[in-house]
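One structure is given here, and the rest of the page talks about it.
Heavy-atom basis, side chains included; hydrogens, waters and symmetry copies ignored. Start at 1 and go down the list; that is how both ligands and their atoms are numbered.
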Amino acid sequence: ADLTTQFLELPLKNPLMNASGVWCSVASQLEALAESAAGAMVSKSCTLQPRDGNPEPRYRVINGERTFGSINSMGLPNEGFAYYLRYAQRHDYEQKPLFMSISGLTLDDNLTMVDSLKDAVIPALLEVNLSCPNVPGKSQIGYDFDAMDTLLAEVSSGYQRPFGVKLPPYFDMAHFDEAAEILNRYPLVAFVTCINSIGNALVIDIDSETTLIKPKDGFGGLGGDYVLPTALANVNAFYRRCPEKTIIGCGGVKSGTEAFLHLLAGATLVQIGTSLYEEGPGIFPRVLDELAAIMDDKGYKTIADFRGKLKTIA
Ligand SMILES: O=C(O)c1[nH]c(=O)[nH]c(=O)c1Cl
């Protein structure tokens, strides 16, 4: 099977990349991703100034007879925008495309980062995070449609080139419709990454009768197996509603199977979060081999043979 693909006319060796926040917070991790088999990569969502984030424990996998997923309330710990811009300025774009994720604490911070990125004139692709669920006191822009509209208008006029957004999961058809209606009014929004973690879940340990993580009384973003059906729904909902935009799928990918399903649902690229956190960049060749085997079994030579071709029941 031929796993090559394209993203906004850029040729990629394959459709896999990391999810922002996982294995991408410091230079050594970014360099490991650059060396890995991933077709693309994204840096940790950054704020203008460095942040320590929330107190630990703030990330946990949820295990039974196997790992079902993860819960995190990192609180946007990052080295600050200038650090990731410095990495983006020395990244080898021939090796693979680099996305830079920003998640400013204010509209002004986002616009300051966008201006600096525009002036840097580098091929990094901007992913504006509208969906961090874990900064105490900050609600998600993705769930405030007026704030989302304003941010997209301001970033479009400030950046004046294609960019993308990282969306939270939506759970209601009216919300898919309203979010897509806003996105479709901004032609510079070239891609949409669905989904971020399912926010403010609560995982409890029965033996200690205690929450698994410390921040926010144990409320945190859910990832892994738990979120796959919601992730596929959001990928397909925006794939149907935003025909001019490219969809990046994220959520519940741990093998070739889930990567295939995201592509079938309409994703062009597929991000891996929880499973990458647990397995490390060695996950990429494994998932690629599994995806190729599935394609061979089904007689698909290229990703274009099946991408977006999800069938419904007549
Ligand atoms: O707590 C975090 O840092 C975090 N955690 C998430 O699950 N999604 C995000 O976008 C962010 Cl920014």
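Leu10 is not listed as a side-chain neighbour of Tyr93, based on a closest heavy-atom distance of 4.5 Å or more.
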Tabulating one pair per line, provide the atom names and distances (0.1 Å) for every N/O atom of ligand 1 that is less than 3.5 Å from a protein N/O atom.
| residue | atom | partner | partner atom | Å |
| --- | --- | --- | --- | --- |
| ligand 1 | 1 (O) | Asn72 | OD1 | 3.4 |
| ligand 1 | 1 (O) | Met74 | N | 3.1 |
| ligand 1 | 1 (O) | Gly75 | N | 2.9 |
| ligand 1 | 1 (O) | Asn134 | ND2 | 2.9 |
| ligand 1 | 3 (O) | Lys44 | NZ | 2.8 |
| ligand 1 | 3 (O) | Leu76 | N | 2.9 |
| ligand 1 | 5 (N) | Asn72 | OD1 | 3.0 |
| ligand 1 | 5 (N) | Asn134 | ND2 | 3.1 |
| ligand 1 | 7 (O) | Asn72 | ND2 | 2.8 |
| ligand 1 | 7 (O) | Ser197 | OG | 2.8 |
| ligand 1 | 8 (N) | Asn196 | OD1 | 2.8 |
| ligand 1 | 10 (O) | Asn129 | ND2 | 2.8 |
| ligand 1 | 10 (O) | Asn196 | ND2 | 2.9 |

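Ile303 contributes atom CD1, which lies 5.5 Å from atom CG of Leu263 (distance to the nearest 0.5 angstrom).
The shortest non-hydrogen separation linking Thr274 to Gly69 is CG2-C, 4.2 Å. Considering all non-hydrogen atoms of both residues, Pro215 and Pro57 come closest at CD-O, 3.2 Å.
In the model, Asn54 has no side-chain atom that pairs as donor or acceptor with a side-chain atom of Lys216 under 3.5 Å.
One finds a salt bridge joining Arg66 and Asp225 here, because a Lys/Arg side-chain nitrogen approaches an Asp/Glu carboxylate oxygen to under 4.0 Å.
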